[in-house]
Amino acid sequence: MTDYSTLLNPEQCAAATAEDGPLLVLAAAGTGKTRTLVYRVAHLIEKGVPAESLLLLTFTNRAAKEMLERAKAVAGPSVGHLWSGTFHHVCNRFLRRFADRLGYGNNFAILDQDDAVSVLNTCMKELGYVRKDFPKKEVIASLISSASNRMLSVQEYLDTSSKALEASPSDIVRIAQRYQERKLIENMMDFDDMLVNGLRLLKEHEEVRNSYQQKFRHVLVDEYQDTNLLQAQMVDLLAAHHRNIMAVGDDMQCIYTWRGADFNNIREFSKRWPDSRIIKIEQNYRSTPDILRIANACAAKAPEAFKKTLRSTREPRNKPRVLILRDGDEQSRAIITLVQRYLDDGYSLSDMAILYRAHFHSIELQMALARTRLPYVITSGLGVFEQAHVKDVLAFLRVCENPRDYLAFTRLMGMLSGVGEKTVEALWAKLGGSFETRSPEMRAKLVGLLKPTARGQWQGVDRLFADYHSEGLNLRGTEAIERFCETFYTTYLHRAYENPEKREEDIHELALQVTKSQGGVAAFLQEVALLTNIDREYEKLAANNEPTLHLSTVHQAKGLEWKVVFVIWVSEGMFPSSRSLEESGNDEEERRLFYVAVTRAKDELILCAPGMRKMRDGGMFFCKPSPFIKEIPRENIRESYGNR
DNA sequence: GTTGGGAGAATTTTT
DNA sequence: TTCTCCCAAC
């Protein structure tokens with residue numbers, strides 16, 4: 001038996017080796033939460049719990065992967081059999097087996113954000129909501145999403161939310177219903193449906209519920225403070241039989257309420273599990289005392305239910321800096337100067353990160369970095385898989401795999417010149433609402449329906465459909481994509497987009513990616529929507545060893561740490577974001593976000609506050625340093641002005 | 001019905 | 001300033 005008390009501190013050890021039964025672990029930032037979870041897994045396996053009866057839910061794929069690797073290192077390769085991943089991933093696994101019980105096909109397609117909005121748009125047009133003053137499709141989409149993540153009907157959600165809308169609730173309810181129908185008919189689920197239907201499966205189908213309840217002897221949840229109502233119920237249900245639930249989180253780090261996260265899940269955990277134990281982990285191993293004092297000062301002003309004070313284990317070093325700067329350009333120059341100084345001090349570029357509230361805050365800096373040729377990676381807003389050209393290629397594969405995928409069909413046919421929205425709609429209707437590429441008759445019928453000009457372009461694709469199935473290209477996705485490009489897409493790409501070379505590279509990379517997925521094209525398509533850009537960026541980072549500066553939003557930086565952390569645009573209106581403050585209740589979340597940003601830093605923390613924004617129209621906008629800066633006890637910082 | 005050009009709006013966080 | 005959507009000309 002491993003002696004965990006030599007590897008972990010007493011608090012961590014208590015959590016990792018706790019007896020069976022419900023357990024809530026309140027682990028503040030930088031206290032070795034991942035380490036504790038890893039050793040918990042190792043401990044359970046050592047005790048003889050089979051890996052496949054462990055369920056480890058994490059917030060990102062990255063966290064899942066990291067934990068799995070570390071657990072393997074500690075407890076051996078058998079750990080690989082445990083179930084781990086995001087809620088969406090786990091639901092996906094459930095639904096791939098049982099979606100048919102809810103009226104979907106098990107090969108349903110997953111809609112990403114854009115797909116969802118465009119399906120919704122179709123519904124709105126269909127129902128005749130095209131008035132100018134009608135709320136935008138994105139607004140409706142977010143309403144519907146908010147409702148499902150809070151487990152309310154659209155009607156109920158509209159009743160409780162005070163937002164003024166240019167539409168009557170009944171109109172929105174009608175649109176939402178139509179949207180729901182369409183997804184069912186076309187065999188598609190959006191991100192929210194994955195959770196909603198995953199939970200429905202457990203609630204409504206007793207034998208499914210029983211089998212998973214029996215199967216998972218231990219359920220472990222990371223970042224529990226960011227679960228929403230659906231997720232909390234799912235966890236409770238899955239753990240109901242064996243009653244071994246371990247929720248790990250920190251209510252001060254709840255930064256996803258805008259997406260439905262509800263920290264009452266963590267606050268009221270002991271009400272739902274009355275016999276649960278609570279373990280607090282407060283020893284911070286990450287940051288210097290001065291950095292933690294800033295974090296503690298920030299947390300002290302938050303009306304939190306669980307008071308935690310971070311205790312540093314480290315010796316004092318340099319005090320954090322606050323830079324008061326003229327504008328964004330001066331900020332960029334100051335950062336580059338400091339980065340170079342830290343390099344001279346012996347830090348590597350990969351020890352440093354630059355964090356910000358919103359992606360657009362980083363644009364000036366990106367240009368400045370490019371000019372000085374400092375290599376950087378940015379976990380960008382748009383995912384690789386969300387870019388138009390990648391979706392074009394995926395549409396081809398989707399049509400091959402799923403005859404009911406109208407969205408993909410529209411996208412694919414729309415690439416033919418001379419074919420637009422109306423034509424596709426008519427074709428789809430004439431085909432009877434599905435297009436089976438396996439059927440020669442169906443394909444011939446489509447060819448027959450096309451106008452001569454379109455037919456010429458389509459012929460290559462049509463032949464490829466035949467080959468796809470007869471030659472087993474569904475198991476050789478790389479080849480399928482390459483042939484699609486040869487016969488059709490490269491030509492289209494050059495016609496339709498401005499920078500075809502860059503896009504061709506992306507597609508080449510996509511083609512390589514398909515092969516990685518074991519279950520062929522079908523499995524790849526199922527995974528693709530759930531794979532985020534972040535995961536891929538990190539893979540790239542791991543693959544090339546060149547040290548790189550890291551740019552990221554605070555949200556995406558959650559769970560990560562660097563020796564040197566810059567936070568830029570800590571100015572009024574930017575951080576806290578004025579847009580967010582407009583909505584009531586969000587000011588506390590901004591505070592938590594700042595707390596998360598500060599606690600990413602190990603040695604050096606630099607807060608930058610430019611005093612002027614250049615607006616897009618050329619105007620200027622003056623802003624004071626953020627209120628978060630004013631709260632910091634003076635003795636914990638070095639303050640400086642200008643580009644030094 | 002399709003396509004391209006021009007006017008207009010607009011700048012959060014993501015599975 | 002850049003992207004998006006709408007309208008008017010093929």
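Below, read A as the first sequence line, B as the second, and so on, with proteins coming before strands; counting in each chain starts at 1.
- Note on residues 357-370 of chain A: pairs passing salt bridge (Lys or Arg N to Asp or Glu O under 4.0 Å), not counting sequence neighbours, are A:Arg357-A:Glu590.
- For A:Phe360 and C:dT2, the CZ to C1' distance is 14 Å, given to the nearest whole Å.
- The C1' atoms of B:dT12 and C:dC5 are separated by 22 Å, rounded to the nearest whole Å.
- The side chain of A:His555 lies closest to B:dT14 when the candidates are B:dT14, B:dT12, B:dT15.
- Contacts of A:Glu401 classified as side-chain contact (heavy atoms from CB on, under 4.5 Å), with partners at least two apart in sequence or in another chain: A:Tyr468, A:Asn474, A:Val521, A:Ala522, A:Leu525.
- Listed by chain and number, the residues in a side-chain contact (heavy atoms from CB on, under 4.5 Å) with A:Ala408 are A:Ala395, A:Arg398, A:Val399, A:Asp405 (sequence neighbours excluded).
- You can call A:Trp258 stacked on the base of B:dT13; the centres are under 5.5 Å apart and the planes sit within 30°.
- Rounding to whole angstrom units, CG of residue A:Asp190 and C1' of B:dT14 are separated by 14 Å.
- What separates OH of A:Tyr256 from C1' of B:dT13 is a distance of 7 Å, to the nearest Å.
- Rounded to a whole Å, the CZ atom of A:Arg357 is 13 Å from the C1' atom of B:dT11.
- If A:Asp192 and A:Lys136 are placed on DNA chain B by their nearest nucleotide, the residue sitting closer to the 5' end is A:Lys136.
- Atom-to-atom, CG of A:Asn149 to C1' of B:dT13 comes out at 14 Å; the value is rounded to the nearest Å.
- For A:Ala358, whose side chain is taken as the heavy atoms from C-beta onward, the closest listed nucleotide among B:dT15, B:dT13, B:dT11 is B:dT13.
- The shortest distance between the side-chain N/O atoms of A:Gln556 and the OP1/OP2 oxygens of B:dT13 is not below 4.0 Å.
- The CG-C1' distance, from A:Asn228 to B:dT13, rounds to 16 Å in whole Å.
- If you check every strand for non-hydrogen atoms under 4.0 Å, A:Phe87 touches nothing.
- One interatomic measurement links the two molecules: NE2 of A:His361 to P of B:dT13, which rounds to 8 Å at whole-angstrom precision.
- Shown are A:Lys391, A:Arg182, A:Arg411; of these, the salt bridge (Lys or Arg N to Asp or Glu O under 4.0 Å) with A:Asp115 is made only by A:Lys391.
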Enumerate the protein-to-nucleotides 1-5 of chain B contacts in which both atoms are nitrogen or oxygen and the separation is below 3.5 Å.
unit_1 : atom_1 : unit_2   : atom_2 : d
B:dG1  : O3'    : A:Thr423 : OG1    : 3.2
B:dT2  : OP1    : A:Gly420 : N      : 2.2
B:dT2  : OP1    : A:Gly420 : O      : 3.4
B:dT2  : OP1    : A:Thr423 : OG1    : 2.1
B:dT2  : OP2    : A:Glu421 : N      : 3.4
B:dT2  : OP2    : A:Lys422 : N      : 3.4
B:dT2  : O5'    : A:Gly420 : N      : 3.4
B:dT3  : OP1    : A:Gly418 : N      : 2.8

Using a 3.5 Å cut-off and no angle test, enumerate the donor-acceptor pairs between side-chain atoms of residues 446-455 of chain A and protein atoms at least two apart in sequence or in another chain.
unit_1   : atom_1 : unit_2   : atom_2 : d
A:Arg455 : NE     : A:Val447 : O      : 3.0
A:Arg455 : NH2    : A:Gly448 : O      : 3.4
A:Arg455 : NH2    : A:Leu450 : O      : 3.0

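- Nucleotide B:dT14 holds its C1' atom 8 Å from the CZ atom of A:Phe59, rounded to whole Å.
- Cation-pi contact between A:Arg600 and A:Trp562: absent, since separation from the ring centre below 6.0 Å together with deviation from the ring axis within 45° is not met.
- Taking side-chain N and O atoms only, A:Lys137 has a distance below 4.0 Å to OP1 or OP2 of C:dC5.
- When the side-chain nitrogen and oxygen atoms of A:His359 are compared with OP1 and OP2 of B:dT14, one or more of them lie within a distance under 4.0 Å.
- A:Glu425 is linked by a salt bridge (Lys or Arg N to Asp or Glu O under 4.0 Å) to nothing, counting only residues two or more places apart in sequence or in another chain.
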